[in-house]
Structure formats: structure tokens, C-alpha cells
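Residues: numbered from 1 along the sequence shown. The structure presented is a predicted model; accordingly, all values stated were derived computationally and were not measured. As the structure lists them, so they are numbered: ligands from 1, and atoms in each ligand from 1.
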Amino acid sequence: MQIRSDFDSGNIQVLDAGNPQQVRLAIRKDFASEHFQWFHFLAEGLTPGQRHGFSLVNAPQSSYKNAWSGYQAVASYDGEDWFRVPTTYDEAGLHFELTAEQTQARFAYFEPYSRARHAALLVRALALPQVALAACGSSLQGRELPLLHVRGTASAPRRIWLIAQQHPGEHMAEWFMEGLIERLERDDAELRTLLAQADLYLVPNMNPDGAFLGNLRTNAAGQDLNRAWQAPSAERSPEVLFVQRQMAAIGVDGFLDIHGDEEIPHVFTAGCEGNPGFTARLDTLEREFRQRLVACGEFQVEHGYPRDEPGQANLALACNWVGETYDCLAFTLEMPFKDHDDSPQPRTGWNGARSGRLAHAVVTVLAALAGRLR
Ligand SMILES: [Zn+2]
């Protein structure tokens, strides 16, 4: 059997592939960082009909080791249809298996969103009459960082920003952005209601270097971008610097930062309740956003992070920094690596398609809320 990871978002080290029943592997650390959790590899030379077993032996030392309990790895024969495979976790590692139907299969932490698909998504988006390239930044390694402007019809529009995949291993975030573009292509009445009040500003992928490198958490300098918003720099976080400068020029009336959470098997949001400038107005907007999203998407409000105490928010996070700087509704939207346990789908778990449908629901919610963002 051959194990390969020399491709976009590939990450694995082969320790011993001699026994196809028990292949021993390790997750490589993020480039220039101690973080690791994301994996993605191709196994070639599988024997159809035979059970193949894989162990990630350093999983117990990974960034979020508690995340492995209840987690099922994903596999695909064609890179399109991804399904969960039987997975167990113990002190010796994360163990998953596949009784092969074909001679090769991919395995990953989550359904990967490829750079090729990212390029195709930009072509799709820019083919729409209401979408333009507002600006294009550059990552540390020189990858493009496009900012898309979805022009509405209002004379003084609200400006709603959505950014995704600051954490590069959280591939569900760009699947969400693809769902958003898909909804723009449909051009339905709700979307027109939204665009009669607001313009959208979209960054489909904030961390293209990290995604390509197969990182979980950081960019090519080892920087966690969602801890860089208080003091971004050209040397360590030009991706954040670019977006902040565009925000300063354009303005912000609402903000969503799209993420994935390793541990919690639910879709949820984290808001700005700990910001020094958090007000009753913002609290009302947050509550209404959440209630509306519960009503129209795979979303819930029971499970999530502990709420910040008043004034104790970490302003290095995008959500808190933007909410505080622009006195606006700002959320981190978290999707699971596991499943949304409120509506479990065992074959796929949470996946790209469900992430896209969540974006459709978010458009519906924003259409109802846009007029009251200020
Ligand atoms: Zn994240």
C-alpha cells in the first residue's frame, strides 16, 4: 500500500505501512506551529473486499485531543462523495477502518474544500451581474485573497461582511461560502429583500496558505489569524491587515466569521457579550439573529462556548474586534467536525452540503434583520 499526502491540504506522516490491517500514521504539525489535528491522505493499492485499518498514533497529543471522542473520520473514493467510516479513539491513537470497494481511497478530518474548487467558485461568483472583485490581497506565500462585493440596490446600503476559514483546517467554512454564492445564483425574493437593504462583502478563504499546507490552525508564519485582530502585521498576518484596511475604507454594519469547532457536535454562534462596548441594542440583535436561525436552519442555542463575562472579551478575535470597532452585530458561527446532533445524519455527519444549506438559512435571517442593523 502507498500513502500519499503531497497535494493540496495533504497532511500525514507514514510510520509503518507494512501491514494493511494496521497502518501506523502520524499527523504532521502545522507549518511553523505546534498545532496539529487536520489530516488528509490518499491510500493507493487497497485490496477490494479487504478490511484496511489506519491508526493516527499521535492523536492523543493533538491540539484538541478531547475532540476525538465521538468523532468519525471521513473517506471518499472519488474525492466528491465523502462518508464517515468506523472510528475509535484510545490512548494509542485514533483508529479507523475501511473495507475497500476500490483500489484507492482518500481519508480526511473533514470533507476538504480544494484550491481548485475555490478557483472555480470565484469564477462562478464573478459571473453574477451583482458581484464584483472589490479588492484582492495577498497571503504571506503570495496566494490571492479576493474580497467580493455583492452590490445591492439600496442608495445607502448596510454593509454586511462574511469571512471564512481563518482557521485553515476548518474547511466547512468555505463550503458555507459556496452555499452563499449558490443562493446568489438562485436570486429569489428573500435574497432581493436582503439586497434591497444591504451590500455584502465576502472573503471566501482568509487563510489560503494554511489550507494548502494542510494546517489546522495557522498561516504560513505559524500565526493563528483569529488571534491577530488587535495588532495585525505585514510580517505575520497580512491576511488580517488587508481585511481590516478594506473594512476601514468601506465600513461595517454586520459581520459573520465562519468557523468549525472540533469538539462540540452542534452548530452554534459566539457573540460579543464580553465586549466593553456591548449594548442592549446589540444584545437584542444577537438574540433575534439566533432565534430566526433556529427557525430556518440546522442551528441551536443550547450548546456552545461559555459566555464571556462583561468586559472580558478577547479583542484579538475577529468577531469581538469588529463588533467593538464598528459597534455592530458580529458573530463567530461555528459548525461541527462531527455532526449536528439535533438532526444527526450518520452516513455523512456534518459535511459540505449541510454547511452550504446553513448559508442559505443565514441569508434568510439577514434579509429579515438587515434593516435594523443600525
Ligand atoms: Zn476556528
Could you check whether Arg151 pairs with Asp199 (Lys NZ or Arg NE/NH1/NH2 to Asp/Glu carboxylate O, under 4.0 Å)?
no

Pairs under 3.5 angstrom only: tabulate donor-acceptor contacts from the side chains of residues 105-112 to other protein residues two or more places apart or in another chain.
residue	atom	partner	partner atom	Å
Arg106	NH1	His40	NE2	3.2
Glu111	OE1	Gly352	N	2.8

Could you give the distance from NE2 (His303) to CG (Asp261), rounded to the nearest 0.5 Å?
12.5 Å

Apart from Val57 itself, which Ile, Leu, Val, Met, Phe, Trp or Tyr residues share its cluster (side-chain heavy atoms under 4.5 Å, direct or through members)?
Leu15

In terms of the angle between their ring planes, are His35 and Tyr64 parallel, tilted or perpendicular, with boundaries placed at 30° and 60°?
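Geometry flag for Tyr64 against His35: parallel rings.
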
Only pairs under 3.5 Å count here: list side-chain donor-acceptor contacts from residues 231-239, not counting sequence neighbours, and write none if there are none.
residue	atom	partner	partner atom	Å
Ser233	OG	Arg236	N	3.0
Arg236	NE	Gln223	OE1	3.3
Arg236	NH1	Ala221	O	3.2
Arg236	NH2	Ala221	O	3.4
Arg236	NH2	Gln223	OE1	3.4
Ser237	OG	Ser233	N	3.0
Glu239	OE1	Asn219	ND2	3.3
Glu239	OE2	Leu140	N	3.3

Return the set of protein N, O or S atoms whose distance to the Zn ion (ligand 1) is under 2.8 Å, each given as residue and atom.
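For the Zn ion (ligand 1), the protein N, O and S atoms that sit under 2.8 Å away are His167 ND1, Glu170 OE1, Glu170 OE2, His259 ND1.
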
